[in-house]
Amino acid sequence: MWGRSRWAETRGSCCLCRVDQFLMLKHSRVGIGLLGASKMSVGKSHTDRQWWKEAVVYQIYPASFNDTNNDGRGDVNGVTEKLDYLKDLGVDVVWLSPIYDSPQVDNGYDIADYKKIYPPYGTLEDVDRLIQELGRRGMKLVMDLVVNHTSDQHPWFLESRSSKSNPKRDWYIWRKPKYDVEGKPRPPNNWNQILGEAHSAWIFDETTQEYYFAAFTPQQSDLNWENPDVRAAVYDILRFWLDRGVAGFRMDVINLISKDQSFPDAEVVIPGQPYQPATQHFANGPRLHEFLGEMRREVLDKYDQMTVGEMPFIYDDKEFLKIVHQKDGFLNMVFHFELVDIDSERGDVPGDARMSVGNWDVSDLRRIISRWQRIMIDGGGWNSLYCENHDQPRSVSHYCDDSDEYREYGSKLLAMMETTLSGTLFVYQGEELGMRNVPLAWGPEEYKDIEVNEMYPNDQEKLQKARRALRAKARDNGRTPMQWDSSPNGGFCPEEVTPWMRVNDDYPVVNAAAQTKPEATSSVYHFWQRLVTLRKENAGALVHGGFELIDETNPDVFSYVRVADSGEKWVVVLNFTGHSATWESPKWGLQWVAGNYADGLDKVQSGGTDLVHLRPWEGLIARQPCN
Ligand code: GLC
């Protein structure tokens, strides 16, 4: 990246009309299909500027953020303690993954009480204090809303399973068994579990001799949204939290709440396996819009809040747009999976698809990102921007090269991309430090996620073999404790305490204390911090502006321009390869603003060439001042 003085120098020269071109590129002699400024058409830019569009949202995985009560798990007070760190980074909104009371089978995504905090995380009073402290800093709290399913330990489910005549029986999805030739009960259809693809999603319950439906794991029973009492109970939860002062929700797998009520068998795509993926029968089901519309009318419209819906298993642009259309949609934005699945392939054995590591190149990245920019800008929707969360590997490991040589370059390259696209920006804890996946040397016992156990049940040998795949794809990669400093356990918890999950071995080098020191001007953290400021100061272009690709056929470089209503252009040039690459600059009188190599463009322009030479994982951001 640029050294501190250079950044300060270029950012300081903010007068858009002054031609401060000490780093201006020479024009290209050989045109290779670049858009000339006059020919360029940009997307409609958004003019309605709700607060959540410019907000930087920071996701916290509570178990792994900061342990203040010395039990090896993070807690709510641990979040409050770090608010100044987040404020300094430029965070506006904290999204907490579930902190509700839970048996923790799926780390809190299995909720047993929506109005109580999981005791190791703290109390409702701690949350009130967190909201207050956030407010003092001009920040907000967004909660995770997990209402497609509850824990099988939720009192609603305990009642529901107790007898067929219980008033809550119909709050969950119960079906009679089929019977095989020997008269043994069999699941009502062939749908498999999402987090345990080899198993049926129907769980036989001895007490009432019927099956209940649990899409993810047997301990996460799906609520029956067809029942109006269930919906009313969910709206009551929403009000409970909004009235306490939270500013919105990230809605967990919200597009799965309406299921095809005929529960048909799924098409066989994994031959020889009894249970098949069936999400096409319950992703964006027939009553989804009706349910979300009701939720909006009953609750959401009455508060100034933001919503982001996690929406896996759908691939239809029009469907997405209906959900997030800024005028008559239901949610502010959604998380789609196309980018994070860039290297996923469907295998023919359960588990293969999730853990597959396929090939991809810059043309895939360009196609996916520009497609989503266009869908939302042209269609009147709004994007969410994320490369990491608690279900994904670390982004520098996923999309770049996390070796000691290139980790920082790759992390900064991704930061340049994420902070210059249209949408609301989501940063996941540790992403701002360039944290990486767990070391390859770690054995399977270090992986704590139920998905891994479900995938290879009791099979140590298979688990060992799968180590490489796990190291690339397991959800555990993003869940190792935050690395605060170089003390034992990375400062996440005291030395004498065993953290719930092992701290990544690289914490002596990769940690917040080292990166936030004022003299660490070129740290990944400080780079993120400057880019977040740049994004906010230039929100007209970088958040709300139009988007257009440049040099669309470049085999190595992803580049685009963002355009403000004023006509000011920002150009972003990203070499997504581990080798040198060239990129031809449009003739726009560009003024270079930032890059992830300390010596910036000086060396890049060697020889007075017309082409920009980019080093491995090098990224540059430039501006064309308006005339
Ligand atoms: C979402 C969560 C994931 C969880 C699943 C079931 O995808 O992000 O962590 O396992 O829903 O709740």
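Counting starts at 1 for both ligands and their atoms, following the listed order.
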Asks: For the ring pair His154 and Tyr114, is the centre-to-centre distance below 6.0 Å?
Replies: yes

Asks: Any idea which atoms of ligand 1 are less than 4.0 Å away from a heavy-atom of His149?
Replies: 6 (C), 12 (O)

Asks: Salt bridge between Asp449 and Arg479, side-chain N to carboxylate O under 4.0 Å?
Replies: yes

Asks: Considering Asp391, Val105, Asp449, Asp144, which one's heavy-atom position lies nearest to atom 8 (O) of ligand 1?
Replies: Asp391

Asks: Note the single closest protein heavy atom to atom 5 (C) of ligand 1, along with its residue, its atom name and the distance in Å.
Replies: Phe216 CE2, 3.7 Å

Asks: Could you check Phe213 against Ile203 for side-chain contact (heavy atoms from CB on, under 4.5 Å), going step by step and ending with a plain yes or no?
Replies: CA-CA 6 Å; Phe213 181 68; Ile203 317 302; over 6 Å; no

Asks: Suppose we call two aromatic rings close when their centres sit under 6.0 Å apart. Are Tyr85 and Tyr525 close by that rule?
Replies: yes

Asks: Tell me the protein heavy atom at minimum distance from atom 2 (C) of ligand 1, and give that distance in Å.
Replies: Asp252 OD1, 3.0 Å

Asks: Against heavy atoms of Leu195, which atoms of ligand 1 measure under 4.0 Å?
Replies: 10 (O)

Asks: In the protein, what heavy atom is nearest to atom 7 (O) of ligand 1, and what distance, to one decimal place, separates them?
Replies: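 The closest heavy atom on the protein side is Glu310 OE2, 2.8 Å.
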
Asks: Which ligand 1 atoms, with their elements, are less than 4.0 angstrom from a heavy-atom of Arg475?
Replies: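 In order of numbering, the contacting atoms are 3 (C), 4 (C), 9 (O), 10 (O).
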
Asks: Tell me the contacting part of Glu451 for ligand 1: side chain, backbone, both, or neither, using a 4.0 Å heavy-atom threshold, strictly below.
Replies: neither

Asks: Can you classify the ring geometry of Trp202 versus Trp191 as parallel (below 30°), tilted (30 to 60°) or perpendicular (above 60°)?
Replies: tilted

Asks: Give the numbers and elements of all ligand 1 atoms closer than 4.0 Å to a heavy atom of Gln220.
Replies: 6 (C), 12 (O)

Asks: Heavy atom of Arg250 under 4.0 Å from ligand 1?
Replies: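 The answer is yes: ligand 1 sits under 4.0 Å from a heavy atom of Arg250.
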
Asks: For Trp382, is the NZ or CZ atom of Lys53 found under 6.0 angstrom from the centre of its six-membered ring and inside 45 degrees of the ring axis?
Replies: yes

Asks: Is NZ or CZ of Arg169 both nearer than 6.0 Å to the six-membered ring centre of Trp174 and within 45° of the ring axis?
Replies: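 Judged by the rule (NZ or CZ under 6.0 Å from the ring centre, within 45° of its axis), Arg169 counts as positioned above Trp174.
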
Asks: If the threshold is 4.0 Å, N to carboxylate O, is there a salt bridge linking Asp170 and Lys168?
Replies: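 Salt bridge: no.
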
Asks: Among all the protein's non-hydrogen atoms, which is closest to atom 10 (O) of ligand 1, and how far away is it?
Replies: Asp106 OD2, 2.4 Å

Asks: Report the part of Gln392 (side chain from C-beta onward, or backbone N, CA, C, O) that has a heavy atom under 4.0 Å from ligand 1; answer both or neither where that applies.
Replies: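 No part of Gln392 comes within reach of ligand 1.
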
